[in-house]
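See below for the structure under consideration.
Below, chains carry the letters A, B, ... as their sequence lines are ordered, and counting in each starts from 1.
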Number of protein chains: 2
Amino acid sequence: MTPRRRRIPDATVARLPVYLQVLVEQADLGVDNISSEGLAELAGVNAAKVRKDLSYLGSYGTRGVGYEVAYLVYQIRRELGLDHDWPVVIIGAGNLGQALAGYGGFHDRGFDVVGIVDVDPDKVGIRLGDGDDAVEVRPVSELPRIVARSGVSIGVVATPPSAAQQAAEQLVAAGITSVLNFAPVVLNVPVGVTVRKVDLAVELQILSYHEQRRLSAAAPSGSTLRAVRP
Amino acid sequence: MTPRRRRIPDATVARLPVYLQVLVEQADLGVDNISSEGLAELAGVNAAKVRKDLSYLGSYGTRGVGYEVAYLVYQIRRELGLDHDWPVVIIGAGNLGQALAGYGGFHDRGFDVVGIVDVDPDKVGIRLGDGDDAVEVRPVSELPRIVARSGVSIGVVATPPSAAQQAAEQLVAAGITSVLNFAPVVLNVPVGVTVRKVDLAVELQILSYHEQRRLSAAAPSGSTLRAVRP
DNA sequence: TAGATTGTTAATCGATTAACAATC
DNA sequence: TAGATTGTTAATCGATTAACAATC
């Protein structure tokens, strides 16, 4: 009854997809072996971190030689659960929802948008994406059926902020256990449901902070840009 | 010549926009004062963290009372450089670039898309967004002019992965100092340029990992879902 | 064997949290 | 004054990194 493998640190889990991406690229270039130093360089991290991260997966390298690219790709994919495709459902077919449904980057990396739903009857029926991967916007009432039919466990919230909490509840009620939230609100979900949040404006706000610092670093010390204290 | 303020930890900078979002919401609801406990609850973190984070900005609370919402909004905005709008330019007018240019969430939070460029002549001329904020796709050759005219310092890379590095170089050459990268590649930029990366598929991959764990936790110990070791 | 590179240990660093004196 | 809540200290935890023995 002991777990087969210790928990992998969050920080490592977040980097594994980056290593995977780099390794797949190298495999395509015909590279068979790579050292922690080489992988680190390409992934933009340091070599000790690469070795430590990979050591959580097991001892898959060869001392004096490095790591076999194809084998490492296989192991990282297996660890992340990427050895099979994942169906995904999107709730909210506005600007962003439509772009996500039509975004090839998901399908390319093993995620199939099997459904997109919206409350707005005017949006229902719109076809998004192309070829085999095209989906049609359906009413929210069909969410449970879509989830049940396709065995979806990952849902994407792409509604306006005011509708996001209800959307999340509808996803959870339909059986979704992982949520990717694009709405700028904090979602409340039952324990056991995993939420990740991507707030596009927040990313810009953080860049704004860095730009701001750059400006004040550049400003002369007697600058008029001084902070105002009450 | 000493810096007016110690550096704020990255983890804190990443949370400030969340506090800001919650505080603006509360201000709209007519709430004047909030305790670290209340803000923590709404932001989904713990109260000690809120107090520590806010303490990096200064001592803006009142013991026994809490924080004045409006004043905290003002201070966080000032710290993040959000006391004025920021112009933003997008390179790449595919699916994602078009969605970002038309995405109201940027403008709502103080970011103006002042230009979007693409190498594809077929894309040039497409109008995106609506009303005052509409922009027209322009050729990449106009990038330097757009940056110079609008004083843009933040650029968004929304090209396919194969074009992303060159796109980043064009942004930097045009004078951009902060880059938001949506392409699934590691960008190489000169020191001094800040890059943040948002990889939509990576977010799904991390959720995939959590789903995978959920499955193997649920599977009986003699399950056929056992990992294959060589 | 000599050279290279992993996997792991131990040191360091940074972030989180509990606890509480300060103070409204 | 009594109750509430901040701001800060100190303890804890987790992540990063350097260093090096193990080993190909």
**Complete:** Out of D:dT16, D:dC24, C:dT17, minimum distance to the side chain of A:T62 belongs to D:dC24
**Asked** Residues from residues 36-46 of chain A sitting under 4.0 Å of DNA chain D, heavy atoms only?
**Response** A:N46
**Message:** Without decimals, in angstroms, what is the distance between B:K49 NZ and D:dG14 P?
**Reply:** 12 Å
**Message:** How many whole angstroms separate atom CD of B:E68 from atom P of D:dT5?
**Reply:** 16 Å
**Asked** Roughly, in whole Å, what's the span from CG in B:D53 to P in D:dG7?
**Response** 12 Å
**Request:** Apply side-chain contact (heavy atoms from CB on, under 4.5 Å) to the pair B:V18 and B:V45, showing each step before the final yes or no.
**Result:** CA-CA 10 Å; B:V18 179; B:V45 301; over 6 Å; no
**Atom pair distance, as rounded to whole Å: CZ in A:R63 and P in C:dT6** = 10 Å
**Request:** Measure the CD1-CD distance between A:I91 and A:Q166 for me, rounded to the nearest 0.5 Å.
**Result:** 8.0 Å
**Prompt:** Roughly, in whole Å, what's the span from CZ in A:R7 to P in D:dG14?
**Reply:** 8 Å
**Message:** On the nucleotide D:dT16, are OP1 or OP2 found under 4.0 Å from the side-chain N or O atoms that A:R15 carries?
**Reply:** yes
**Request:** With a 3.5 angstrom cut-off on both distances, give the Watson-Crick or G-U wobble partner of C:dG3, or none if there isn't one.
**Result:** D:dC24
**Prompt:** To the nearest angstrom, how far is A:Y56 atom OH from C:dG7 atom P?
**Reply:** 14 Å
**Item:** Heavy atoms from other residues, nucleotides or ligands near CD of A:E169 exceed 12 (cutoff 6.0 Å)
**Value:** yes
**Request:** May I ask which nucleotide in the shown strands pairs with C:dT16, Watson-Crick or G-U wobble, both distances under 3.5 Å?
**Result:** D:dA11
**Prompt:** 5'-most contact on DNA chain D: A:D10 or B:L54, nearest heavy atom basis?
**Reply:** B:L54
**Request:** Could you point out which residue of A:V157, A:V156, A:I154 forms a side chain to side chain contact (heavy atoms under 4.5 Å, CB included) with A:V179?
**Result:** A:V157
**Message:** Whether B:Y67 contacts D:dA4 is assessed here as follows: a side-chain N or O lying under 4.0 Å from the phosphate OP1 or OP2. Is that the case?
**Reply:** no
**Message:** Quick check for you: to the nearest 0.5 Å, what is the distance between B:S153 atom OG and A:E211 atom CD?
**Reply:** 3.5 Å
**Message:** I need the minimum non-hydrogen distance between A:E79 and B:Y209, along with the two atoms involved.
**Reply:** O-CD1, 3.3 Å
**Prompt:** Can you tell me how far P of C:dG7 sits from NZ of A:K52, to the nearest Å?
**Reply:** 12 Å
**Item:** Min side-chain heavy-atom separation A:I176-A:V147 under 4.5 Å
**Value:** yes
**Listed nucleotide nearest any side-chain atom of A:A48, set C:dG7, C:dT6, D:dA18** = D:dA18
**Request:** Please check the phosphate of D:dT5 (OP1 and OP2 only) for any side-chain N or O of B:Y60 closer than 4.0 Å.
**Result:** no
**Message:** What is the separation between atom CZ on B:R51 and atom C1' on C:dT17, rounded to the nearest whole Å?
**Reply:** 10 Å
